[in-house]
Amino acid sequence: MKQVIEVSVVPPPLPQNWTPPESSSKSISPLVERKLLPAGHAYLGHVRRAIHKLSFEEHDKHAEEERKRLQALDGEGGIEDDLGVGDEPETEELLSLDPKEWKKQDHYAVLGLSHLRYKATDAQIKVAHRKKVLKHHPDKKAGAAGDSNDDAFFKCIQKAHEVLSNPEKRRQFDSVDPYFSLIEDDVPTASQITKARDPVRAFFKGFGPVFEREARFSKIQPVPMLGDVDDPKEKVEAFYDFWYNFDSWRSFEYLDKEVNEGSDSRDDKRYTEKKNKTERARRKKEDTARLRNIVDLALSVDPRIKRIKEEEKAAREAKKKAKSGGGAAPDAQQKAKEEEEKRKAEEAAKKEEEEKARAEAKKAKAAAANARKKARRAERAGAEGGS
Amino acid sequence: MAANGTIPNGTAETAKTQPTVVGINFGNSYASIAEGLSECIANEDGERQIACAISFHGEELYIGNQAKHQLVKNAHNTIIGFRNILGKKFSEIPKDKAVVSAPVIQHPDIPDEPAYRVQVLNPAPTPLPRSTTGTPAASNLPTPRSEPTPGETVLTVSEVTSIFLRSLVKSAEDFLGKKVTGAVLSVPAWFDEAQRAALEKAASDADIHVLQLLEDAGAVAVTTAVGQDTDLPVDRTQLVVDVGQSSLELSLLSMRHGLAYSLGTITDFSANGDSIDEKLIKFFAKEFTKKTKTPLTVCPATDNQDKRAEAKLRLAIEHTKRTLSASPGAATCSVESLKDGLDFTGSINRLRFDMEVRPIYNQIYDKVKELVESAKLDLYDIDEVVYVGGSASFPGLDETLAQGLSESVVTPFTAGTVIGGGVGDPTTILARGCALQAQVLSSIGHSEEDEEVRKAFQNDSEWTKAKATSKSIGLIFPEENAGEGSLGGQWVPVILKETPLPCRRIVGLQVEVSEAAKVGFEVWEVKEGVKIEKVKPPKDEDDPEEEKQEGGNPDEDDEEEEEIETKEKTLEKESFLTSLLFDVEEIEKKDGRSTARIEVQFLLGADGKLDVTAWEVKKSGKQQKATATVSGPS
């Protein structure tokens with residue numbers, strides 16, 4: 001911080017006869033030792049200069065850069081903190097939404113929160129709503145050219161805010177968030193995993209995002225995630241245990257058919273309500289089954305389960321061997337493994353052979369059949385020619 | 001933010017912004033908390049000065065001024081004054097003082113550990129676990145009591161501090177709506193290592209990330225260096241008068257461009273806010289006896305009833321003191337049913353109050369003189385007085401100190417911040433300083449070098465050691481027909497004595513230019529002193545010259561025919577260092593004088609090597625520099 005101290009006195013002009021005296025070889029009086037108070041910007045500057053060995057000019061430059069950086073940072077984010085809501089581009093499609101069809105709209109997209117979705121905090125929703133309102137309020141458009149009465153999108157914004165700012169309504173909407181509904185069925189199949197070139201990698205790559213996606217529905221947080229190939233048995237078991245007893249808050253009220261409020265018919269209303277209720281229950285049941293299927297599927301193709309089973313088997317065998325073999329325990333496990341491998345290889349070879357044999361037999365059979373057919377045809381032709 | 005209950009929505013991390021850091025002034029009697037330079041944060045009860053007290057009453061826990069009210073009826077469960085004994089061993093605590101609150105006892109389990117024992121009501125046990133059908137599960141236990149059970153709790157001083165600090169930070173978080181990520185706490189200068197460590201531990205137990213423990217004087221320096229809007233010079237000597245409830249702390253600071261160090265500190269436990277309270281309580285008790293003919297002995301009270309009356313008065317005079325410091329009129333003190341069911345209403349004006357507490361003012365004044373003497377300075381060397389604490393807001397104290405100080409001294413009273421609020425407000429200055437310091441610390445990055453910088457803020461860091469000048473250095477512009485005994489020219493100080501090195505000072509000024517269009521000056525080191533003259537007070541009152549001289553003591557001149565001391569700052573040439581002569585081009589003519597604007601830079605390295613650079617400030621921005629170098633002392 002370069003600071004010029006203003007002195008208000010005006011010194012008189014130099015005397016005519018004054019000549020600069022010869023510089024004396026004197027220096028300033030001896031210095032004294034003092035202990036600074038470690039406080040304030042000035043001390044920070046003092047320490048920075050001392051540690052980085054900067055001269056005053058260099059430090060000025062650094063300080064100026066820092067100040068500019070902070071200013072730029074301030075300018076970027078504005079004075080008010082937007083909590084990371086940001087600015088999403090509004091597509092033509094989004095702007096032409098019909099407020100009457102609000103049930104079908106993506107409320108997060110309307111408020112420009114599609115990058116956060118269910119993760120958005122209440123504060124973020126508030127900020128996003130304010131942002132959108134400032135931009136799309138009908139009052140703002142009053143003087144503008146075109147259809148000044150077009151406040152359709154504003155209504156959509158209000159509806160979206162109404163849904164998202166109410167925890168219960170928001171939960172219902174989050175349950176059937178259209179964005180996730182689209183990718184919900186994007187679950188790898190068993191064959192996709194097993195037939196992949198690297199089944200282990202395919203498993204984690206395929207199922208990781210699926211479980212992450214489903215985890216948001218859990219009433220209990222945090223949710224154990226898929227994890228790693230080398231996870232111990234306990235962790236894997238805990239994972240499947242959790243997911244088989246998954247307690248979901250997902251519900252399907254949002255998809256209810258509107259009860260016709262205008263209708264006087266009580267029966268009509270009750271009928272719709274009943275239908276909605278059964279529909280909700282059905283959907284919930286379906287959803288539970290769906291999740292169960294996913295977990296079942298994951299369990300069936302989990303490379304860790306296979307590994308754990310093998311390990312257990314090996315351990316069992318080793319134990320057995322240790323019981324019978326007595327002292328030959330140390331390499332029993334290895335032996336068991338080797339044996340198993342050998343057996344497996346043999347089995348595979350046998351299978352292959354068998355298959356080959358079978359294929360050959362089939363071929364031979366087909367050839368024989370062919371030959372027979374030919375012969376028969378020739379015979380028939382001969383007979384016809386003869387007659 | 002608003003929790004969503006069981007619904008796991010809204011878990012997004014918010015974008016990283018400036019961290020929320022606060023400053024906490026943690027005194028022995030009162031604490032305050034601030035963020036930035038703005039006003040202190042009020043707690044839920046709207047108090048900005050939060051009493052350091054916690055009180056247990058049944059199942060309830062009171063913290064702050066609410067707890068202070070418990071001192072009347074529930075004194076044995078009310079804990080006050082815990083900061084001063086934080087980190088001390090039980091055997092180190094003086095036990096001769098009369099206690100009005102929960103006594104400090106030896107901890108039953110930990111050896112030599114001070115603790116408090118309080119009576120509490122433990123909450124009733126939860127009802128029997130219910131079975132799924134809604135009827136209580138079968139049990140052969142007796143039906144549990146549904147009322148809370150009386151019990152006893154032993155709290156260590158550290159635990160008490162944690163409870164209190166947690167509530168402070170909670171208030172701040174509620175007010176700011178953000179999680180507080182770090183805090184700077186103020187500590188008195190006399191806190192030793194063990195006490196600092198204990199405070200740090202108590203704070204971390206309260207989940208507060210302590211950025212620094214800042215000495216009170218440091219907090220004052222930060223506040224006055226940043227939020228200054230008066231015309232005070234950037235290089236000045238500051239007297240900090242901290243009249244706390246339990247101790248008086250005086251420090252003399254050398255402020256040089258915001259860089260401060262202490263020239264001396266005095267802590268005194270006899271002249272404090274408590275003794276002011278005592279005087280005031282005694283005054284009102286006498287008044288009460290006079291009015292109602294009911295005897296009331298207080299400070300110290302022996303009778304139980306008197307004790308309670310004293311506690312009531314102690315609470316009531318808080319308001320009286322505030323009124324006294326804010327307005328010159330009469331301040332009232334009313335207590336319902338002070339003793340024997342008799343109500344009391346009394347009033348005191350500022351003059352009477354000043355008379356009552358004059359001994360304390362004088363005691364403080366004597367301490368100030370002692371401090372200044374020990375620092376080998378004079379009262380006239382003080383450029384600014386900073387008051388800290390509510391008890392320092394009495395104008396009477398300022399008037400007492402002003403006797404000895406120079407007339408140009410700036411105090412919060414002359415700046416109008418005592419009543420008007422603002423940066424110099426004695427009650428908030430420490431918390432603000434801590435908050436600013438917290439901002440400074442949080443602006444430091446996390447690279448390796450920055451960690452080194454951060455370490456420099458720790459107590460007793462190597463970097464706090466600095467060399468400082470012992471004499472002032474400045475310019476002398478030679479003058480024709482300089483008088484006898486004068487310096488032979490116009491003196492312009494540039495680097496004052498007691499300036500930590502390395503330092504840089506640039507002065508800008510208009511100079512009169514000779515016909516040859518040259519500007520020249522000499523660089524001298526000077527010795528400063530204060531000349532004390534004793535003069536007889538003038539017989540005739542209308543001599544204007546003399547009148548001006550004795551203006552410092554207007555109230556003493558009437559009846560006393562004593563000699564009056566007048567002081568004057570003197571300068572004496574010590575050693576000639578160098579000189580510069582250079583041409584100037586852009587000469588401005590005005591009122592028959594031709595002047596030019598020049599700037600002179602003094603760069604004094606850590607080894608005492610002085611570089612003098614001078615240039616003319618031109619409109620084109622071009623600079624032609626003239627330089628001279630003086631080697632440092634060997």
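Throughout, a chain's letter reflects where its sequence line sits, starting with A, and its residues are numbered from 1.
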Per-residue contact mode, [X] against chain A (heavy atom under 4.5 angstrom):
{"X": "B:Glu452", "value": "both"}
{"X": "B:Arg454", "value": "neither"}
{"X": "B:Val492", "value": "side chain"}
{"X": "B:Leu475", "value": "neither"}
{"X": "B:Leu441", "value": "neither"}
{"X": "B:Val519", "value": "backbone"}
{"X": "B:Arg505", "value": "side chain"}
{"X": "B:Lys467", "value": "both"}
{"X": "B:Pro500", "value": "side chain"}

Inset, instruction - For the residue pair B:Pro502 and A:His46, establish whether any side-chain heavy-atom pair is separated by less than 4.5 Å. - result: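 Of all side-chain heavy-atom pairs linking A:His46 with B:Pro502, at least one is under 4.5 Å.
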
Legend entry - Validation row: A:Leu36, B:Arg256 side chains within 4.5 angstrom (heavy atoms):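 Counting from C-beta outward, A:Leu36 and B:Arg256 never come under 4.5 Å.
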
Inset, instruction - Test side chain to side chain contact (heavy atoms under 4.5 Å, CB included) on A:Leu44 and B:Ser443 and set out the steps. - result: CA-CA 10 Å; A:Leu44 179 61; B:Ser443 74; 4.2 Å; yes

